[in-house]
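This structure is a prediction, so every number in the text was calculated from the model and none was measured. Heads up: numbering here begins at 1 and tracks the sequence.
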Amino acid sequence: MNECFYCEDGEKRKSLMIEICRLKYSTVYLNRNQKYRGRCVVKLNDHKTEYFQMDTEERNGYFAETAAVAKAIFELYHPDKINYATFGDLVPHVHIHVVPKYQNGADWGSPFDDTQGKVVLEEAEYQEMVDALGAKIKELMNY
Ligand SMILES: [Zn+2]
C-alpha cells in the first residue's frame, strides 16, 4: 500500500501532523495547522477505506478511542463543540478529523476550512500539546 499517505507514513504525513500516540485500533496525530486549538486526526491502524469494512470489535474500539481523543481535547482546551469529519476522496484510509470549535473562533457554525488562516506554532508548543494530549488520552483509555 505504498500509494497510501497513512500507510506510507513518510515525510508528507510528518509535514502535516505529529504523532501523539498509537492505541490498540488507532493512531492519534496533532495537526501542525492549529487554527482550531487542539485539532487532531485519529487514523485507523489497519488499511480500510470505509467504516463498513471493520468488524464490530474494531469499529467499537476505533470509535471508543476517537471519543477519548475528543474528550481529552475538550478537557484540555475547553472548546464549545467538537466537530468530526471523515472525507477521504484523495486519502481513502479511514481517519477522522477531530476539530474543536470555539464560539468566538474560526468558522463557528460552518465546516472547518483548511484553505485560509493557517496557524503554525513553535516546536516546543507542539511538544507541549503532544505530551498533554498523550497523557490525557492514555488516562481516559486506562492504558
Ligand atoms: Zn492506508
Side-chain angles (χ1 to χ4, degrees), residues 1-51 53-54 57-143:
M1 294 309 303
N2 290 336
E3 301 287 307
C4 176
F5 168 91
Y6 281 112
C7 289
E8 184 185 0
D9 201 31
E11 290 309 312
K12 189 177 172 195
R13 196 279 294 158
K14 289 173 186 153
S15 73
L16 293 172
M17 53 191 87
I18 304 162
E19 185 172 325
I20 295 173
C21 56
R22 185 182 169 97
L23 303 171
K24 185 172 179 189
Y25 300 97
S26 68
T27 301
V28 186
Y29 301 101
L30 181 72
N31 281 76
R32 285 190 171 274
N33 182 359
Q34 280 293 306
K35 176 182 177 183
Y36 312 95
R37 186 163 175 78
R39 179 177 171 186
C40 291
V41 168
V42 182
K43 173 201 80 169
L44 185 68
N45 284 337
D46 284 353
H47 181 88
K48 290 178 181 160
T49 61
E50 304 295 345
Y51 296 156
Q53 294 165 348
M54 297 182 237
E57 181 199 330
E58 184 177 46
R59 193 169 53 241
N60 287 348
Y62 177 68
F63 281 98
E65 290 174 357
T66 300
V69 171
K71 190 172 184 187
I73 293 168
F74 195 84
E75 290 188 359
L76 288 169
Y77 304 111
H78 313 292
D80 294 294
K81 179 69 184 82
I82 295 180
N83 292 181
Y84 306 85
T86 295
F87 303 108
D89 296 357
L90 302 179
V91 184
H93 187 127
V94 167
H95 63 285
I96 299 176
H97 298 272
V98 183
V99 185
K101 300 286 283 296
Y102 301 86
Q103 278 197 40
N104 297 317
D107 305 312
W108 178 254
S110 302
F112 72 88
D113 175 9
D114 277 332
T115 63
Q116 52 191 336
K118 193 172 179 188
V119 174
V120 177
L121 306 179
E122 300 291 333
E123 288 303 320
E125 293 177 278
Y126 287 127
Q127 195 56 53
E128 198 173 293
M129 295 183 80
V130 164
D131 291 346
L133 283 162
K136 181 63 82 175
I137 291 162
K138 284 173 183 163
E139 175 194 318
L140 292 168
M141 293 303 299
N142 292 315
Y143 284 176

What do the steps show when you test His93 against Phe5 for side-chain contact (heavy atoms from CB on, under 4.5 Å), and what is the final call? CA-CA 8 Å; His93 187 127; Phe5 168 91; over 6 Å; no

Which heavy atom in Ile82 sits nearest to a heavy atom in Ala70, and how many Å separate them? CD1-O, 3.1 Å

To the nearest 0.5 angstrom, please state how far the CD1 atom of Ile96 sits from the OG1 atom of Thr66. 4.0 Å

Begin from the C-alpha positions of Leu133 and Lys136 and carry the test side-chain contact (heavy atoms from CB on, under 4.5 Å) through to its verdict. CA-CA 5 Å; Leu133 283 162; Lys136 181 63 82 175; 5.8 Å; no

Measure the OH-CD1 distance between Tyr29 and Ile18 for me, rounded to the nearest 0.5 Å. 12.0 Å

Of all the heavy-atom pairs spanning Glu65 and Ser26, show the shortest one and how long it is. OE1-OG, 2.7 Å

Taking atom NZ as the centre, does Lys48 end up with more than 12 heavy-atom neighbours from other residues, nucleotides or ligands that are less than 6.0 angstrom away? yes

State, to 0.1 Å, how close Arg13 and Glu19 come at their nearest heavy-atom pair, and which atoms those are. NH1-N, 3.8 Å

Given Tyr51 and Phe63, is the ring-ring contact (aromatic ring centres under 6.0 Å, His included) satisfied, shown in steps? CA-CA 10 Å; Tyr51 296 156; Phe63 281 98; 5.2 Å; yes

List the atom of Thr86, the atom of His95, and the distance in Å for their closest heavy-atom pair. OG1-O, 3.3 Å

Under a 3.5 Å threshold, yes or no: a donor from one side chain and an acceptor from the other, between Asn31 and Tyr36? no

Would you call Arg39 and Asp114 a salt bridge, using N to O less than 4.0 angstrom? yes

If I compare all heavy atoms of Lys101 with all of Ser110, which pair ends up nearest, and what's the gap? NZ-O, 2.5 Å

When rounded to the nearest 0.5 angstrom, what distance separates OH in Tyr126 from CG in Leu121? 4.5 Å

Show your reasoning for whether side-chain contact (heavy atoms from CB on, under 4.5 Å) applies to His47 and Tyr6. CA-CA 8 Å; His47 181 88; Tyr6 281 112; over 6 Å; no

Decide yes or no for Val28 and Val41: does some side-chain heavy atom of the first lie under 4.5 Å from some side-chain heavy atom of the second? no

Smallest separation among heavy atoms of Arg37 and Tyr102, with atom names: O-OH, 2.7 Å

Measuring only between side-chain heavy atoms, which start at C-beta, is Tyr62 closer than 4.5 Å to Asn45? no

What's the verdict on side-chain contact (heavy atoms from CB on, under 4.5 Å) for Phe112 and Lys35, showing C-alpha distance, side-chain angles and the deciding distance? CA-CA 9 Å; Phe112 72 88; Lys35 176 182 177 183; over 6 Å; no

Test: Arg32 and Glu123 ion pair at under 4.0 Å: yes

Flag side-chain contact, heavy atom, 4.5 Å: Leu30 against Cys40: yes

Tyr77 side, atom OH; Met129 side, atom CE - distance, nearest 0.5 Å: 3.5 Å

Check whether any side-chain heavy atom of Phe74 sits under 4.5 Å from a side-chain heavy atom of Pro79, and report yes or no. yes

Spatial distance of atom CG (Leu44) from atom CZ (Arg59) [nearest 0.5 Å]: 11.5 Å

Rounded to the nearest 0.5 Å, what's the gap from OG1 on Thr27 to NZ on Lys43? Could you check? 4.0 Å

How about Glu128: does its CD atom have over 12 heavy atoms from other parts shown lying under 6.0 Å from it? no

